[in-house]
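A, B, ... follow the sequence lines: proteins, then strands. Residue 1 opens every chain.
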Amino acid sequence: MPELPEVETMCRGIAPVVGGKIQQLTLCDLPLKPIRLVPDLAKLKQRIEGKTIEGISRKGKRVVLSLSSDNLLVIEPRMTGLLLVSDPPNESHLRLKFKLKNAGAKELLYWDRRGLGGVTLFTSEEFQQHFDRTLGPDALTVSLKELTQRFQKSSREIKVALLDQKAIAGIGNLYAAEILHLSKIHPRRVCQTITKAEWKCLYQAMQGILTEAILYEGSTLSDGTYRNALNKNGSYQNHHRVYAKAGEICPLCKKAEIERIVQAQRSTFFCGKCQK
DNA sequence: CATATGTCCTGAGAGC
DNA sequence: TGCTCTCAGGACATAT
């Protein structure tokens, strides 16, 4: 499940494509439902073939390739999407190939096991409008003041609010659990009840966890789906404190068992002794 | 406006 | 062994 640290790792890993000219875009013919392309393949080919990839950036959990045509190609990996500059985990879920010329990589691949991800091409104007409307500030660069302002009046539970990309972009189910555990805030706490000191603690935990996870190149969970751009595992899964650890002893208090609850149809893991 | 819920998709694993 | 069922969760459409 690529969240901010995995997508950031992806962006860094595909750096060799910068400067490359897209010679050909190919949609792989698979016995699977094709991934979502906007516009459709024919129009997309027309608009990007022959253009150069001038830069790579990240907006929350999305990868943004800026092209020489002043268009922006946005890749959304969602649950199982990967961008690669090496052989993919297998051929059966390889979705797109971008053949490149004059770059450090011969091709850029998009692989997606479940196929929930997609690719959208925007003009720079459309891009600005779209992201202003759908994404809040990035979790890695937001200020404490803005974070507090955006959350403190909400009647939602903090865990649920952290997953809302319009509120803050980049946090997903895994990192929400890890951040709340480190900041010792119970996932069911309603935002309105969280104190100023706790927001500061949450903010620092968020910066700390995300930075640490990027250092370890993200988390490859037990299903093995997430890989970096060279098809190698991340290693932050070896440093998780609570995620998917129900029944294990909390690494902080070393007494209570990690619990699992469901919020907004997603699993939440936490320590009932440490998190209040 | 804010918040809540159903849906999409595939493969892994459980249970029988 | 092979079937059915459940689960994983990011983002969007639709409903409240």
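Between A:Gln165 and C:dG10 there is no side-chain N or O to OP1 or OP2 distance below 4.0 Å. Residue A:Lys61 places at least one side-chain N or O under 4.0 Å from the OP1 or OP2 atom of C:dA11. In terms of phosphate contacts, A:His93 brings a side-chain nitrogen or oxygen within less than 4.0 Å of OP1 or OP2 of B:dG11. At C:dA8, none of the side-chain N or O atoms of A:Tyr226 fall inside 4.0 Å of OP1 or OP2 (strictly under the cut-off).
With respect to A:Glu76 and A:Arg78, a salt bridge is recorded, a charged nitrogen being found less than 4.0 Å from a carboxylate O. A salt bridge between A:Glu217 and A:Arg12 is absent, with no side-chain N of the basic residue lying under 4.0 Å from a carboxylate O of the acidic one. Electrostatic pairing of A:Arg58 and A:Glu8 counts as a salt bridge here, judged by a charged N lying under 4.0 Å from a carboxylate O. In summary, A:Lys61 and A:Glu3 do not engage in a salt bridge, as defined by a charged side-chain N under 4.0 Å from a carboxylate O.
If you check distances only, the side chain of A:Arg156 never reaches the base of B:dA2 with a donor-acceptor pair under 3.5 Å.
The distance between atom CE of A:Met79 and atom P of B:dG11, rounded to the nearest whole Å, is 14 Å. The CD atom of A:Gln192 sits 8 Å away from the P atom of B:dT3 (whole-angstrom rounding). To the nearest angstrom, P of B:dC1 lies 14 Å from CG of A:Asp164. Computed from coordinates, the A:Leu82 CG to B:dT10 C1' distance equals 14 Å when rounded to whole Å. The CD atom of A:Gln263 sits 15 Å away from the C1' atom of B:dT5 (whole-angstrom rounding). In this structure, A:Lys166 places its NZ atom 8 Å from P of C:dC12, rounding to the nearest Å. As a whole-Å value, the separation of A:Arg260 CZ from C:dC7 C1' is 9 Å. Here the C1' atom of nucleotide C:dG10 and the CD1 atom of A:Ile171 are 14 Å apart, to the nearest Å.
Of all nucleotides listed (C:dA8, B:dC8, B:dT5), B:dC8 comes nearest to the side chain of A:Leu116. Of the candidate nucleotides C:dC12, B:dC8, B:dT3, B:dT3 has the atom nearest to the side chain of A:Ser155.
No engagement by A:Gly115 is indicated, since no non-hydrogen atom pair under 4.0 Å with the nucleic acid exists. If you check every strand for non-hydrogen atoms under 4.0 Å, A:Leu32 touches sugar and phosphate atoms only. Backbone-only contact: A:Met1 has heavy atoms under 4.0 Å from sugar-phosphate atoms and none from a base. A:Phe131 comes within 4.0 angstrom of nothing in the nucleic acid, heavy atoms only. Within 4.0 Å (heavy atoms only), A:Ser222 reaches no atom of the nucleic acid at all. A:Arg133 comes within 4.0 angstrom of nothing in the nucleic acid, heavy atoms only. A:Arg62 comes within 4.0 angstrom of the backbone, heavy atoms only, and of no base.
Residues A:Phe270 and A:His181 keep their aromatic ring centres 6.0 Å or farther apart.
In this structure, A:Glu157 and A:Asp223 both approach DNA chain B, and ranking their closest nucleotides by distance from the 5' end singles out A:Glu157. The 5' end of DNA chain B is approached more closely, in terms of each residue's nearest nucleotide, by A:Ser154 than by the other of A:Arg114 and A:Ser154. Map A:Arg113 and A:His130 each onto its nearest nucleotide of DNA chain C; the residue landing nearer the 5' end is A:Arg113.
Side-chain contact check for A:Asn71 and A:Thr123: no donor-acceptor pair (N or O, by modelled atom type) lies under 3.5 Å.
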